[in-house]
Protein chains: 2
Amino acid sequence: MIDTKQKILDAAEQLIAGQGYAATSLRQIITSAGVNLASIHYHFGSKEELLDELVRRKAVPVNEKRLEILDRYAAEAGGGPVPIEKVLDAFLTPMAEAATRQPQFVRVMGRVIVEGLLPAVIQKNFQPVLNRFIGALREGLPHLSASEFQWRIQFMIGAMAHTMCGTIEQDGDFGTRIARLIVFLSAGFRAPATEGK
Amino acid sequence: MIDTKQKILDAAEQLIAGQGYAATSLRQIITSAGVNLASIHYHFGSKEELLDELVRRKAVPVNEKRLEILDRYAAEAGGGPVPIEKVLDAFLTPMAEAATRQPQFVRVMGRVIVEGLLPAVIQKNFQPVLNRFIGALREGLPHLSASEFQWRIQFMIGAMAHTMCGTIEQDGDFGTRIARLIVFLSAGFRAPATEGK
DNA sequence: GTCTATACTGAGATAGAC
DNA sequence: GTCTATCTCAGTATAGAC
């Protein structure tokens, strides 16, 4: 059946979003999907490659949308730096839109980052996008040393990843959460450089 | 031997700091420590309880120090709110001091939070301390709604956890890293409330 | 090409001898 | 306290049915 693959992906997404990747066994997935154990290795090769495909399928369109919006903002800025609120908005809004249709996917993404999985996939699919956004942020923040800027990027990544996991009860929708995150992060980025460092 | 337990703890700390908890097997630990597999279950009961003890041993003094410093700052403030820079400083400095003596420990702590381990231990050992600090932060931030304040706490936790893991190469010492984190987070907390939310 | 049955290795956990 | 042997379950691999 052509949809054996689909059934596996759907079941895996559901389970991983809920319990995390490490806690989800292939035997749980095949039971939930109603397929045979070996079919996972036939269609994907390994547990990790299953996750890889799960992430890539949906991350690719999100990343395309991100770049599209950033390009638009860059054009509006006409050569000058894009305000960091807008850079962050371009990065987070496509994720929020994906979240309304596919709430599980965002949680899977959070899990991937938070469990430190798939460094190869992150590298390959996200690093180019991330680099574009980091470059855009940098233009708006010339007052920071290279080192301090890099650390603020790390703070941002940590806050974003933890927020996406959303283990705490969701009050309000994902859009509200992101609006608040943008306010918080923008202020953090705009803060004056740390004294004497 | 009385130090079988110690040898296990030391080997486990080393390995978990480097590879993470999930990636570290009990068989790796016993090989590195030069002890028998069953001795782990004799001394600790399970892999999880081993981690539990690993964390608790060092987290307890750090948490005591945190409260001590916060109490001092609160006394200095004489009933008024403690500036959030100082609250964050009271929370992070004892960790930084522990890091200079025991650099592995901080990474283990980061792993625990980032891998989502030991919710029970976090709850028991850290929640009381965290609640004190959250209360102290709240006093200095009356302009935020309860919901927005809670989210900013989440952003802070994410940024802290990711920073502690320090998977990126350490430029500068831990103290510098923390000074920068405080500047970033303080500005984020002080940002005006998100419009219309 | 697709799926089933079954076996292999390594994980954490446990019982019982010493 | 310590060690050996063993249990269950994980991810993985493959041979062979359709």
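In this text, all values refer to a predicted model and were calculated from it rather than measured experimentally. Scope of the values below: all heavy atoms of this structure, side chains included, with no hydrogens, waters or symmetry mates. Each chain gets a letter, A, B and so on, in the order the sequences are listed, and its residues count up from 1.
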Between CD of E49(A) and P of dT12(D) the distance, given in whole Å, is 9 Å
Side chains of D10(A) and Q14(A): any donor to acceptor distance under 3.5 Å? no
Give me the ring orientation class for F133(B) and F91(B): parallel if the planes are under 30° apart, tilted from 30 to 60°, perpendicular past 60°. perpendicular
Distance test, side-chain N/O of Y42(A) to OP1/OP2 of dC3(C), below 4.0 Å: no
Residues at least two apart in sequence or cross-chain that pass salt bridge (charged side-chain N to carboxylate O under 4.0 Å, His left out) with R66(A), listed by chain then number, are none
Are R132(B) and D71(B) ion-paired here, with the side-chain N under 4.0 Å from a carboxylate O? yes
SB check E13(B) K58(B) (cutoff 4.0 Å): yes
Under a 4.0 Å heavy-atom cutoff, the residues of residues 8-36 of chain B touching DNA chain C are T24(B), S25(B), L26(B), R27(B)
Hey, does L37(A) reach any base, or is it just sugar-phosphate, or nothing, if we go heavy atoms under 4.0 Å? base
Write down the distance between CD1 (I40(A)) and C1' (dT6(C)), rounded to a whole number of angstrom. 17 Å
Would you tabulate the nitrogen or oxygen pairs shorter than 3.5 Å linking the protein to nucleotides 15-18 of chain D?
none

Over 60° means perpendicular and under 30° means parallel, so classify the ring planes of F189(A) and F149(A), tilted if in between. tilted
Rounding to an integer number of Å, can you tell me how far K47(B) NZ sits from dC9(D) P? 18 Å
Could you tell me whether the phosphate oxygens of dA13(C), OP1 or OP2, come under 4.0 Å of any side-chain nitrogen or oxygen in H41(B)? yes
Protein-nucleotide distance (E48(B), atom CD; dA11(C), atom P), rounded to Å: 19 Å
For a quick test of reading the model: is some side-chain N or O of T4(A) closer than 4.0 Å to OP1 or OP2 of dC3(C)? yes
NZ/NE/NH1/NH2 to OD/OE distance under 4.0 Å, R152(A) and E148(A): yes
NZ or CZ of K5(B) within 45° of Y42(B) ring axis and under 6.0 Å: no
Salt-bridge test for R190(B) and E85(B): reply yes if a basic N is under 4.0 Å from a carboxylate O, no otherwise. yes
